[in-house]
Amino acid sequence: MNWNYIEQLNEPQQQAVQHIKGPAMIIAGAGSGKTRVLTYRIVHLMQHGVDPFNILSLTFTNKAAREMKNRIAEIVGDEARNLWMGTFHSVFARILRVESEKIGYPSSFTIYDTDDAKSLIKKIIAEQELDDKVYKPSLVLGRISSAKNNLFSWQDYANHIELQNEDKYSGKPKLGLLFELYAKRCFKAGAMDFDDLLYNTYILLKNFPDVLNKYQNKFKYVMVDEFQDTNFAQYVILRKLSAQHENICVVGDDAQSIYAFRGANIQNILNFEKDYPDLKTFKLEQNYRSTKNIVSAANSVIANNRAQLKKEVWTDNTEGDKIKVLRAISDNEEGNAVARQIFENKMNDRLLNKDFAILYRTNAQSRSMEEALRKLNIPYRVYGGVSFFQRKEIKDLLAYFRLTINNYDEEALERIYNYPTRGIGKTTYEKLFIKADEWGATIWDVMEKISEPEIDIANNTKQKIADFVTSIKSYSILAKNQNAYEVASHIAQSSGLLRELFNDKTSEGISHYENIQELLAGIKEFTENGNAPLSAPSLEIENAEATRLLTDYMQDIALLTDAEQKDDGYNDKVSLMTVHSAKGLEFKNVFVVGLEENLFPSQLSVNSREELEEERRLFYVAITRAENKLIISYAMSRFRWGNLISCEPSRFLEEIDPKYLSAPETVMSEPKPKNNYSKNNGWKATNGYENFNESSTPVFSKNSFTKNNLKPVSKTPKPAAFKAPTDFLPDNPRDIREGMNVMHVKFGVGKVVKIEGNFPDNKATVNFQGQGDKQLLLKYARLKIVESV
DNA sequence: GGAGGCCTCGGAAGG
DNA sequence: CGAGGCCTCC
């Protein structure tokens with residue numbers, strides 16, 4: 001490395017980078033080159049002889065970690081691999097894998113995601129016969145989560161008089177009990193939820209001084225990005241880890257704290273100053289991103305917040321255009337105005353689609369924007385939505401992998417014990433559950449001992465359970481030696497899951513099948529090259545030669561919730577996203593839409609000062625994304641939940657100093673051309689833009705499955721209902737045999753392909769003319785024999 | 001077991 | 001309005 005990185009930095013940036021010893025806090029205004037400072041600081045440490053193994057760098061998202069690691073690798077090369085760099089959760093999970101047995105967990109512990117956690121809580125609420133209208137699972141989980149984020153165990157919770165009183169007065173006295181049951185159930189399943197990764201790390205470091213010592217020695221230098229978003233548990237762990245060397249450097253911007261609603265605590269910044277009296281503070285106040293107008297407008301908005309650190313963001317950039325405000329008569333007109341404006345700016349300023357972003361407060365607002373962009377044939381991409389790993393079919397297959405690795409994973413077991421259908425019904429499962437309770441064991445334990453005569457289940461069902469257990473156990477054995485891909489594809493086939501999806505020829509079914517293939521391809525890539533294409537920033541590879549096992553893959557993806565979308569190879573698109581997901585990004589031209597009271601600021605925030613200030617910071621984040629042009633819009637009426645409501649302009653508009661604004665424009669649709677835009681080929685021909693309209697949707701491009709997708713879903717047309725004769729009289733279901741032609745009141749005439757099970761629970765597969773195979777329970781189906789065999 | 005009807009409810013969102 | 005959960009009915 002022979003260039004001088006120090007020269008690339010301004011004065012305060014240099015100071016921050018060169019301050020190596022002792023605690024430091026970098027307050028970094030929007031667009032002030034924070035990422036550059038962070039990367040160069042790590043480079044600087046390494047240049048001064050610090051071993052990358054001794055540097056821990058924590059971020060909030062996988063994406064941020066990935067990007068930073070790549071940037072450092074570009075500068076220092078291969079050595080970057082040895083940095084400990086990742087999200088709080090991934091780094092702590094990694095420590096816990098090594099140390100978990102000390103706190104009673106297997107090293108193969110499962111990580112429950114939010115869905116797993118909610119479904120477990122829901123079950124517990126039902127088991128306790130509590131009303132899930134009062135004890136809403138998401139609320140219960142939220143309460144448990146914030147307890148853990150404040151380092152309360154369930155025992156602490158139960159003993160805390162104030163909390164107990166709060167719960168009593170709010171009519172939910174059983175919250176503490178639910179916490180206890182949930183915690184015990186997770187423990188029994190060898191599972192940790194996201195909050196446990198923090199809480200258990202804390203417990204580990206607190207109760208095992210030797211472990212604490214080991215990691216304190218390892219992490220001689222600790223860096224934290226987005227410090228304003230840390231919660232209490234994270235803060236305490238940080239303090240513990242860095243207590244020996246006190247080389248801790250945190251970077252953040254209180255003005256961009258937008259996750260308080262999830263437990264982030266700006267107070268940490270203030271506590272930091274108190275907890276480290278010899279703290280050095282650096283302020284990065286020069287903005288390199290935006291025009292003077294934009295920077296000043298942002299400053300004038302944030303000045304309305306009471307709670308903030310002193311800081312003056314300024315820029316040397318040009319003055320730039322004044323901020324434009326568009327007023328539209330309705331949400332659809334707002335979309336049209338934005339799309340038209342993008343079209344014009346693109347022409348006038350010779351810009352690309354990807355130079356534009358449309359930011360909104362709520363996902364529902366994307367619809368009117370998408371429609372308008374489509375009309376003008378402007379390609380766009382909507383960010384956010386269901387991630388690949390949350391798709392049902394993916395979770396199903398992953399549940400097999402989870403159960404293979406950890407037989408006690410209750411949520412995984414529940415997902416698949418009868419999927420694909422193998423004749424183990426709900427009633428059977430309940431019997432297993434009761435027996436497990438009786439034995440003080442897990443359901444898996446009972447399944448393993450299913451032959452015990454005291455278990456009151458029919459013998460043929462017992463056999464099915466035994467078969468299931470045998471196959472999972474055989475997977476577990478395979479998974480110990482064979483590589484991840486071999487095991488994964490074996491499980492996909494031998495479990496019947498692949499076949500099940502293959503047989504579903506609906507368009508959804510085909511896409512499910514393709515997604516599974518996609519997952520397997522990712523595992524293959526991981527097995528061969530060590531990194532899945534969708535991988536989290538992989539931490540150092542311990543042993544490059546060793547076989548990559550399924551458990552390695554599962555650890556790699558367990559904390560992946562933001563898997564990058566596959567793109568269709570065409571990247572020049574307008575970006576549509578919520579303000580939250582725009583944090584950290586920048587665009588030449590930015591539209592912030594829906595600036596209306598009760599929308600931005602959100603209706604739920606306007607009653608408390610704290611929440612309103614958070615909304616204001618959110619608005620601050622939105623406008624500071626823009627480099628050159630900022631356009632703000634609002635509608636005077638909009639559809640919300642099916643009703644047309646009228647809207648007032650947002651108070652935030654008035655908070656922008658008017659000298660940075662151009663006169664508001666009321667926008668109206670141009671008189672409609674005779675031909676509809678979208679049908680007008682001449683329109684396309686003259687502007688030279690191709691029709692993109694997301695035509696080549698890849699398998700899991702999110703546009704193919706968000707609710708905002710406007711493409712008509714091809715549905716198989718339903719055949720007209722069959723009219724049964726008025727004298728229709730069903731035959732005795734006991735007389736139905738395979739091969740017979742039968743008549744059904746609704747489906748008409750069909751042939752019995754197969755009959756399974758014994759009366760009265762026997763089930764027939766009947767192929768009805770023009771309607772395909774139907775599975776019918778004979779006792780209900782009321783079939784009439786048309787022709788016996 | 002599964003399709004379809006009815007009811008409810010609605011914020012943003014990382015790991 | 002639209003998605004998801006639950007219940008019913010076949």
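Chain letters run A, B, ... following the sequence lines, proteins first and then strands; every chain starts at 1.
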In terms of the nearest nucleotide of DNA chain B, which residue is placed more toward the 5' end: A:H89 or A:E611? A:E611

Parallel, tilted or perpendicular: which fits the ring planes of A:F619 and A:F652, with parallel below 30° and perpendicular above 60°? parallel

When you measure from the side chain of A:H580, which nucleotide among B:dG15, B:dA13, C:dC1 comes out closest? B:dA13

Any idea how A:H580 and A:F261 line up, ring-wise: parallel (<30°), tilted (30 to 60°), or perpendicular (>60°)? perpendicular

If you pin A:R422 and A:E615 to their nearest nucleotides in DNA chain B, which one's is more 5'? A:R422

Please determine, for the side chain of A:T421, which listed nucleotide (B:dA13, B:dG15, B:dG1) has the closest atom? B:dG1

Could you give the distance separating B:dG11 and C:dC6 at their C1' atoms, to the nearest angstrom? 25 Å

Does a side-chain N or O of A:N598 approach OP1 or OP2 of B:dG11 to a distance below 4.0 Å, or not? no

Looking for any heavy atom pair under 4.0 Å, which part of the strands does A:D195 touch: base, sugar-phosphate only, or nothing? base

More than 12 non-hydrogen atoms from neighbouring residues, nucleotides or ligands closer than 6.0 Å to CZ on A:R499, yes or no? no

Rounding to 0.5 Å, atoms CZ (A:R361) and CZ (A:F600) come to a distance of 6.5 Å

Would you please confirm or rule out a distance under 4.0 Å between OP1 or OP2 of B:dG15 and any side-chain N or O of A:S90? no

